[in-house]
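Quick one: structure below, then a few questions.
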Amino acid sequence: MSELQGEIVTMKYALVCGAGGFIGSHMVKRLKSEGFWVRGVDLKFPQFAETAADDFVVGDLRDANFCRSIVDRRFDEVYQFAADMGGAGYIFTGEHDAHVMHNSATISLNMADACHKRNIKRVFYSSSACMYPAYNQEDPENPNCAENSAYPAAPDSEYGWEKLFSERLYLAFNRNYGMECRVARYHNIFGPEGTWTGGKEKAPAAICRKVAEATSGGSIEIWGDGLQTRSFLFIDECIEGTLRLTRSEHTGPFNIGSDEMVSINRLAGMVIDISGKRLSVEHIPGPTGVRGRNSENSLIRDTLGWAPSRPLREGLEKTYAWIETQVRAAHNRVPAATPVRAVS
Ligand code: NAD
């Protein structure tokens, strides 16, 4: 506590789990800009920039003792982003199912318990649109992802089943232990400083990379027929929605996503247009997930008085510029970023 011109100013404390990842590292920056003292935790430091956290602890959240050790004080806000995740090439092949389920569920169980034992109330949990039933997402033009359409449950991936389990876990801690956990279902978040290569990247980053690497007059490959539809939310609006929900009196689950639905072909067309190159699209077999998915934003708009509103193209322009720089730096063999100081 400090005194500023006679006014008592109380320092606010936040804990960000998964702070070495895409959304977590952006959240740390935002919380620091608001004056929070922030502890970040992850298996690794952020890959593309120095962490902005006051304290960054490298460790494994599957270890319950480690979780208790990092929740060693009062935190006003805890953000639980840590999970074993990736794009379609990681989630839908089936090869990583046991890992994804076991790792992410263990992290959720440990962190819910550690926060409860320290009497921490406000814990945000990031679920995913992947928990919605596959049977409501077969028509690419008319998917149903309203929050109340979640049951009977039938996610199309084990990743989605685990998200459903974990969101129910945090809500059960609210009911039985008086916690105030908040749950959002994110829909495809993208932006600079996200994974863009290596197999865990998602569609916008993968397409930006392919376009940045292609020579004008050539082509890029797209998995499937490209008619599958999705919406994509730029990172800044994801962070804004997450903070608004966490600090509201509403528990969720709420969708946090864009409702500007586009086909993957349209997404590729936008990126090609931004690049200024002449490129064609070649469709090849690959994992694609459900045929259609879009964020349904009525509930969050009616309840929080806010919903994402920025156009997809605006975020794509920023993301393409960043990935193009990464691609160019990689080709020139110039280190594109802070070296990864991975521990395990
Ligand atoms: P990310 O992979 O960039 O970040 C997750 C971080 O968790 C990684 O840095 C990873 O090292 C860390 N982690 C994994 N296992 C850990 C462990 N055992 N101990 C400590 N740290 C561990 O992913 P992201 O895109 O930042 O996503 C954050 C959260 O949002 C995840 O829970 C994800 O499922 C959810 N989500 C993301 C999206 C999206 O489009 N990015 C969509 C829906 C839901």
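As the structure lists them, so they are numbered: ligands from 1, and atoms in each ligand from 1. In this text the structure is predicted, and so the values were computed from the model without any measurement. All residue numbers refer to positions in the sequence shown, counting from 1.
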Would Phe190 count as a contact of ligand 1 if the rule is a heavy atom under 4.0 Å away? no

Cluster question for you: counting only ILVMFWY and a side-chain heavy-atom cut-off of under 4.5 Å, with indirect links fine, are Met131 and Met85 together? no

Any salt bridge linking Arg122 with Glu249? Criterion: basic side-chain nitrogen under 4.0 Å from a carboxylate oxygen. yes

Under 4.0 Å, heavy-atom basis, I'd like to know which part of Asn188 is in contact with ligand 1: side chain, backbone, both or neither. backbone

Can a side-chain donor-acceptor contact be found between Ser231 and Ser258 if the only test is distance below 3.5 angstrom? no

With atoms numbered from 1 as shown, which atoms in ligand 1 lie under 4.0 angstrom from a non-hydrogen atom of Gly59? 19 (N), 20 (C)

Going by the order shown, which atoms of ligand 1 are within less than 4.0 Å of some heavy atom of Gly20? 9 (O)

Over 60° means perpendicular and under 30° means parallel, so tell me whether His116 and Tyr177 are parallel, tilted or perpendicular. parallel

Report the part of Lys202 (side chain from C-beta onward, or backbone N, CA, C, O) that has a heavy atom under 4.0 Å from ligand 1; answer both or neither where that applies. side chain

Any carboxylate oxygen within less than 4.0 angstrom of a Lys/Arg side-chain nitrogen, looking at Glu193 and Lys29? yes

To which protein heavy atom is atom 27 (O) of ligand 1 closest, and what is the distance rounded to 0.1 Å? Ile23 CD1, 3.7 Å

Quick one: do Asp156 and Arg291 make a salt bridge, cutoff under 4.0 Å? no

Look up atom CZ in Arg68 and atom CZ in Arg118, then write down how far apart they are to the nearest 0.5 Å. 10.5 Å

For Lys163, which part has a heavy atom under 4.0 Å from ligand 1: side chain, backbone, both, or neither? side chain

Heavy-atom contact under 4.0 Å between Asn103 and ligand 1? no

re atom 44 (C) of ligand 1, the protein heavy-atom contact at minimum distance is Ser127 O, 3.4 Å

Check this for me, if you would: do Lys12 and Glu77 make a salt bridge, where the nitrogen-to-carboxylate-oxygen distance has to be below 4.0 angstrom? no

Test your reading of the structure: does Ile189 have an N or O sitting under 3.5 Å from an N or O of ligand 1? yes

So which heavy atom in the protein is nearest atom 22 (C) of ligand 1, and how far is it from that ligand atom? Leu43 CG, 3.8 Å

Starting from atom 28 (C) of ligand 1, which protein heavy atom do you reach first, and at what distance in Å? Phe81 O, 3.4 Å

Tell me, which protein residue and heavy-atom name are nearest atom 18 (N) of ligand 1, and how many Å apart are they? Asp60 OD1, 2.8 Å

Taking atom types as modelled, find out whether Asn297 and Ser295 have a side-chain donor-acceptor pair closer than 3.5 angstrom. yes

Out of all atoms in ligand 1, which are within 4.0 Å of some heavy atom of Ser126? Include the element for each. 29 (C), 30 (O), 31 (C), 32 (O), 35 (C)

Specify side chain, backbone, both or neither for Lys44, according to which of its non-hydrogen atoms lie closer than 4.0 Å to ligand 1. side chain

Contact (N/O only, under 3.5 Å) between Met85 and ligand 1: no

Please check if the distance between the ring centroids of Tyr13 and Phe36 is under 6.0 Å. no

What is the nearest protein non-hydrogen atom to atom 10 (C) of ligand 1, stated with its residue, atom name and distance? Asp42 OD1, 3.4 Å

Check each of Phe66, Tyr159, Tyr186 against atom 34 (O) of ligand 1 and report the one with the nearest heavy atom. Tyr159

For ligand 1, is there an N or O atom under 3.5 Å from any N or O atom of Phe22? yes

Should the pair Tyr132 and His187 be assigned to parallel (<30°), tilted (30 to 60°) or perpendicular (>60°) ring geometry? tilted

Could you check whether Asp273 pairs with Arg313 (Lys NZ or Arg NE/NH1/NH2 to Asp/Glu carboxylate O, under 4.0 Å)? yes

Which residue and non-hydrogen atom of the protein lie closest to atom 5 (C) of ligand 1, and at what distance in Å? Ala83 O, 3.9 Å

Nearest non-hydrogen protein atom to atom 4 (O) of ligand 1, with distance, is Gly21 CA, 3.5 Å

What class does the angle between the rings of Tyr79 and Phe81 fall in, given that below 30° is parallel, 30 to 60° is tilted and above 60° is perpendicular? parallel

